[in-house]
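Each remark here refers to the structure printed beneath this line.
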There are 2 protein chains.
Amino acid sequence: MDGVARRESSRSTTEPDIRRRARNLLVREGQEAVTLRAIAREMGITAPALYRYYSSREELLFRLSEDVCVDLSAELTASMRDGATQLDKVFAVCRGFRRWALEHPREFALVFATPTGAKAGEKTAPTERDAPGRPERHDELGRVFLRVAGPLMAEGVAESPPASLPDELRVGLADSQRDLAESFAAEGIEIPREALSAEAVYLLLRWWARLYGQVALEVFGQFPFDVSEAGRLFESMLVELATESGLR
Amino acid sequence: MDGVARRESSRSTTEPDIRRRARNLLVREGQEAVTLRAIAREMGITAPALYRYYSSREELLFRLSEDVCVDLSAELTASMRDGATQLDKVFAVCRGFRRWALEHPREFALVFATPTGAKAGEKTAPTERDAPGRPERHDELGRVFLRVAGPLMAEGVAESPPASLPDELRVGLADSQRDLAESFAAEGIEIPREALSAEAVYLLLRWWARLYGQVALEVFGQFPFDVSEAGRLFESMLVELATESGLR
DNA sequence: GGGCGAGGTAAACGCCGTTAACTCAAGGTT
DNA sequence: AACCTTGAGTTAACGGCGTTTACCTCGCCC
C-alpha cells in the first residue's frame, strides 16, 4: 500500500528479510510450511512480489538450504577451535554436527535428506561457478570438512595402519583421490602426496558415512528400540572410529 | 456418475485399489505427488469419496508406509533364504535392504527419513495394539530384523569378543536389553539368556546404525565426491562389521 | 415398505504456486 | 521541465490442493 516506505528499504534489506522469515518458518514448522504466501503475509506484502527475488518457491528453498549450510559451516568452524590436538578438533566438529542436527532437525532434513532429484538439480542450482566433480551443492560446508580432515590426514600418514582395503576398492578409489587432491589444492591446504593414499580416502569416507549415518538415524528417530543412550553411543562411535583410524 | 458399477466393487476391492494407485504415484513422482485428488482422478471418483476410507491424507500416507514396510519385509525375508550360514543370511538381508532402498528411493524416504514429528505421531498411528517400548511404526519390518539377528546372536555368543564397551554405556543399555528380550519372546525366537548381553545389544545397534547410515547416505546422494564405488564400499563395510563382531 | 447405513456426489472454503496486467515513485536523459 | 525507463509492488485470476458440508441413492434388513 505504501510504495515510499518500502522503496527506501530496497533489495539489499528486503531480501535478507525474506530469508529470515522463510528460515523461521522452516525451523518452526518444517519445509512444507515455507510458503510464499506465508512469508509475504508476515512481511505485509503480497505473494507475487516475492517473484522479484526468486523465480520460484523451489529456488527460494535452494537458497535457504545454502544459508543453512553457511550457518552450519560457521558453527562447525567455531567448534573446530575447541580442540587442542588435531584429533580433538575432529571430534569437536563431529559433535558439533550432531548437536546442530538434533537442534535443527528440519534444517537437517532439508539439506541432508532431500532426495536431490535427478532433474531438479539443474534448474534450481545456478551457482556462479560449478566445477564438475566437486560437491555441487553447498561447497561451503565441504570446505569445513576439508579443513578439519586435511591436517588429520597429513598427520595421520605416519602411523596410519594399512587398513584392510580390498584391492578392487583401491582401484576404484583413484578417481576420488584425484577429486580430493584437487579440492585440497583449491582450498590452499597442503597435503603431502603420500597422505592422499587410497587408504586415507577410504578412511575419510568411513568417517563421513558413519557420522552422517548415526546422526541421520538419530534425527529421524529410527533407532530400533528407544535408545536413551544415543549420546553415549555417538561418543563410543567416535572413539571406535579414531582407534580404527590408528589415531591415538 | 455411476453408483452401481462402483457399488459391487465394495470396500474390500476399492481400498486396495486406492493403495495401489497411491503407491504408483509415490513410486513415480514422490511423496508430495500422492494427492487425494490425483488418486480419485485416476479412479474415476471424486476426492471427498476417499474420506470414506481414510480420515485424512496424512493417514493414507501412514497406511501407505505400512504397506511399503510389509513389502520390504517380504523381500528381505526372501533374501534371507539365500544364505547358507547365519552370517550369510545377515549379509543377504543387508544387501537386500540396500538394493531395495536404491531401487525405491521415494519409498525409502517416506519410511525412513520422514521426521516422525513429535505430535504428528499420535493422531496418525491408530495401530490396533501398540505396546509401548516397541518399534511403534512398522513392527512387521522389525520382525524381519529380529529373525535374522536372533540366530546370529545366539550363535555368536560363544566366541563374541568382549568388544570395547564403555561401562556407562553398559548401564544405559539395560533398558534396551529388556526391550529386545521382550521382542524376541513375542516373536517366539529363543535366545539364550547370555546371548542378550549388553555387548550383543551394542553390536546389534552398530549393525543397524551402519547399515541404515550407509544406505541413507547413498540414497540421498550425500557422498562427498562422486563415489562410483558405492557398491564395493558397502561390501567392505559388511565384512568390516562382521569381523568386528567376531564373526568368521 | 420403511429405515438406514455405506459409498458416492456437488458445492464450497481457504489454502497454495504462479502468471499477467497494472501502478507508481525514483532516477536519469534530453 | 518534460520524458522515459526501471524496479518494487499491486490486483485479479487460474488451476490445484485438503477438507467440510449437505445431499443423494442404492442395497439390505427388519
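Numbered from 1 within each chain, the chains take letters A, B, ... in sequence-line order. Please read these numbers as outputs of a predicted model, since none were measured by experiment.
Going from atom CD1 of A:Ile45 over to atom C1' of D:dG7 covers 13 Å, rounded to whole Å. For B:Tyr54 and D:dC17, the OH to P distance is 18 Å, given to the nearest whole Å. One can place CG of B:Leu50 at 13 Å from P of D:dT20, the figure rounded to the nearest angstrom. Across the protein-nucleic acid pair, B:Leu60 atom CG and D:dC17 atom C1' stand 15 Å apart, rounded to whole Å. Atom CD of A:Glu15 and atom P of D:dG7 are 15 Å apart (whole Å). Protein atom CD of A:Glu32 is 14 Å distant from nucleotide atom C1' of D:dG18, rounded to whole Å.
Within the structure, every side-chain polar atom (N or O) of B:Thr46 is placed at least 4.0 Å from both OP1 and OP2 of C:dG8.
A heavy-atom distance below 4.0 Å to DNA chain C is reached by none of the residues of residues 21-31 of chain A.
With sequence neighbours left out, the side-chain hydrogen bond (donor to acceptor under 3.5 Å, both in side chains) criterion links B:Trp208 to no other residue. Looking at residues two or more places apart in sequence or on another chain, you find a salt bridge (Lys or Arg N to Asp or Glu O under 4.0 Å) between B:Arg20 and B:Asp17. Residues forming a side-chain hydrogen bond (donor to acceptor under 3.5 Å, both in side chains) with A:Arg52 (at least two apart in sequence, or on another chain): none. Taking A:Ala216 as the reference, A:Phe108, A:Tyr212, A:Phe220, B:Tyr212 meet the side-chain contact (heavy atoms from CB on, under 4.5 Å) condition, with sequence neighbours excluded. Looking at residues two or more places apart in sequence or on another chain, you find a side-chain contact (heavy atoms from CB on, under 4.5 Å) between B:Ala49 and B:Ile45, B:Thr46.
Listed by first and then second residue, the side-chain hydrogen bond (donor to acceptor under 3.5 Å, both in side chains) pairs that reach into residues 67-80 of chain B are B:Arg19-B:Asp67, B:Arg23-B:Asp71, B:Glu75-B:Arg99, B:Thr77-B:Arg147, sequence neighbours excluded.
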Report summary line: Going 5' to 3' through nucleotides 13-22 of chain C and flagging B where a protein heavy-atom sits under 4.0 Å of the base, S where only the sugar-phosphate is that close, and - otherwise, we get --SBBBBB--
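Remark: the backbone N or O of A:Ser55 is paired with a side-chain donor or acceptor of A:Glu59 at under 3.5 angstrom.
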Output side-chain donor-acceptor pairs under 3.5 Å for residues 227-237 of chain A, partner residues at least two apart or in another chain, one line each.
residue  : atom : partner  : partner atom : Å
A:Glu229 : OE1  : A:Arg232 : NE           : 2.6
A:Glu229 : OE1  : A:Arg232 : NH2          : 3.2
A:Glu235 : OE1  : A:Arg95  : NE           : 3.2
A:Glu235 : OE1  : A:Arg95  : NH2          : 2.9
A:Glu235 : OE2  : A:Arg95  : NE           : 2.7
A:Ser236 : OG   : B:Tyr202 : OH           : 2.2

